[in-house]
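Letters A, B, ... are given to chains in the order of the sequence lines, protein chains preceding strands, and every chain is numbered from 1. Since this is a predicted model, take the numbers as computed values, not measurements.
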2 protein chains.
Amino acid sequence: MDEILPEQRRAKIVEWLQEEQSLTIDQLARHFEVSAMTIHRDLDLLVKEGRARKVRGGAMPAADALPAPGSDQSQCAMCGKRVPRRTTWVVTGENGEQQQACCPHCGFLMHSHATGQQSTLAADFLYGQMVNAHQATFVVGSEVTLCCVPGVLCFASRSDAERFQRGFGGKLLDFAGAMVAMTTAHHGH
Amino acid sequence: MDEILPEQRRAKIVEWLQEEQSLTIDQLARHFEVSAMTIHRDLDLLVKEGRARKVRGGAMPAADALPAPGSDQSQCAMCGKRVPRRTTWVVTGENGEQQQACCPHCGFLMHSHATGQQSTLAADFLYGQMVNAHQATFVVGSEVTLCCVPGVLCFASRSDAERFQRGFGGKLLDFAGAMVAMTTAHHGH
DNA sequence: TGTTTATTATCACATTATGACACATTATAT
DNA sequence: ATATAATGTGTCATAATGTGATAATAAACA
């Protein structure tokens with residue numbers, strides 16, 4: 001670990017804190033090769049900014065910090081289910097706070113409650129890459145139901161979505177269209 | 001169990017308390033390999049912070065501890081019963097606050113008290129998938145009574161509901177219809 | 001009632017946090 | 001470029017907190 005900017009070190013502390021449940025001052029000092037005093041000062045700053053919590057002997061994630069996206073204990077903010085990697089949906093708000101949904105279905109419902117500007121990333125159903133949800137194509141109500149019903153699958157590429165739909169049915173919709181479909185009451189076929 | 005931060009130990013106590021309903025001082029002391037005195041002090045602190053309740057010989061969860069949706073001990077906001085995964089009902093309000101019901105029966109009653117916009121998710125009776133309750137089909141008063149009476153079962157697919165009804169009776173209703181059925185007084189068959 | 005068990009109080013000791021200072025590094029102004 | 005200000009860093013002394021052992025007190029139990 002050579003030559004790292006103080007602010008970068010602080011960012012790494014926050015990041016690492018979300019993976020581990022807690023870190024000792026010693027662990028941090030050894031890892032970044034600085035004195036314990038420096039870690040103390042870093043943490044004081046992070047606490048003042050609300051990015052971490054200082055406890056005797058070390059630090060823990062800020063009280064309002066949700067488990068990091070992709071970590072095993074992340075829960076859907078809507079239905080409480082565990083978040084499968086396959087269908088992850090992550091929303092980052094203006095203040096950097098994050099929420100996750102178990103699938104685009106819950107993701108859209110979450111979006112309908114949202115206030116203010118936010119970025120939304122969703123996992124492409126075929127390749128697992130994260131894609132800006134506002135630029136993605138969705139297949140709603142196909143025969144493939146992984147999570148919630150009606151199933152909503154996210155595709156980074158429109159042609160992938162079309163080919164999928166040819167085989168498994170469902171409607172092809174963009175973000176706005178899928179949003180309407182999710183929030184409108186209607187009756188099963 | 002090596003080298004654990006005091007605050008992390010306290011957090012684990014709270015967590016463990018929500019899983020088990022109660023723990024003795026001895027259990028805790030042995031598990032964390034500290035003296036009973038230390039556990040006493042931990043609990044005093046947790047009590048002062050309202051995170052746990054101290055009882056003679058051990059500790060119990062704080063009275064107001066409401067478990068997260070999907071956790072094993074979440075309680076119905078209407079009747080107080082434990083929420084079975086099979087019939088979970090989750091409502092998210094405008095401000096992001098959440099309530100759960102033990103089954104659609106309590107769910108509809110909860111809804112009748114609701115103010116403002118909200119999203120409602122319910123578990124499909126057959127597959128357990130979460131479905132937007134406003135898009136689901138309900139079978140009311142069938143011979144299958146899991147939770148409250150009259151029993152209300154939730155189906156993501158109308159045809160599933162029809163097939164179920166053919167076997168077990170009851171009325172087929174959409175959200176609005178089931179809502180009326182739940183909130184209208186009527187007399188047994 | 002006496003006996004047992006749990007809780008609290010107090011002490012000595014270990015660990016950790018904080019403030020003051022000197023010094024290095026980086027930014028800003030002239 | 002050079003001086004000056006602002007930050008960042010490490011060491012040390014001191015303060016604050018956590019811990020366990022033991023004794024004193026309170027509560028349950030027979």
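Applying the ring pair (Phe, Tyr, Trp, His ring centres under 6.0 Å) rule to B:Phe108 yields the partners B:Trp89, B:Phe138, B:Phe175; only residues at least two apart in sequence or on another chain are considered.
The 12-atom threshold is not exceeded at NZ of B:Lys171, counting heavy atoms of other residues, nucleotides or ligands nearer than 6.0 Å.
No side-chain donor-acceptor contact under 3.5 Å links B:Arg53 to the backbone of B:Ala62. With hydrogens and angles disregarded, no donor-acceptor distance shorter than 3.5 Å links the side chain of A:Glu162 to the backbone of A:Leu172. A donor-acceptor pair is defined here as one N or O able to donate and one able to accept, closer than 3.5 Å; such a pair exists between the side chain of B:Asn132 and the backbone of A:Met182.
Interface residues of residues 34-47 of chain B facing DNA chain D, ordered by number: B:Val34, B:Ser35, B:Met37, B:Thr38, B:Arg41; criterion, heavy-atom separation under 4.0 Å.
Nucleotides of DNA chain D lying under 4.0 Å from heavy atoms of chain A occupy a range whose first and last members, 5' to 3', are D:dG8 to D:dG18.
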(request) For B:Ser119 and A:His113, run side-chain hydrogen bond (donor to acceptor under 3.5 Å, both in side chains): C-alpha distance rounded to whole Å, both residues' side-chain angles, the deciding distance at 0.1 Å, then the answer. (result) CA-CA 8 Å; B:Ser119 313; A:His113 289 281; 2.4 Å; yes
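Interatomic distance, B:Ile4 CD1 to A:Ser22 OG, rounded to the nearest 0.5 Å: 7.0 Å.
Atoms CG (A:Asp26) and P (C:dT16) sit 7 Å apart, rounded to a whole Å.
A donor-acceptor contact under 3.5 Å links the side chain of A:Arg56 to the base of C:dT15.
Placement of B:Val14 and B:Ile25 within a single hydrophobic cluster is found when ILVMFWY residues are connected by side-chain heavy-atom separations under 4.5 Å, directly or transitively.
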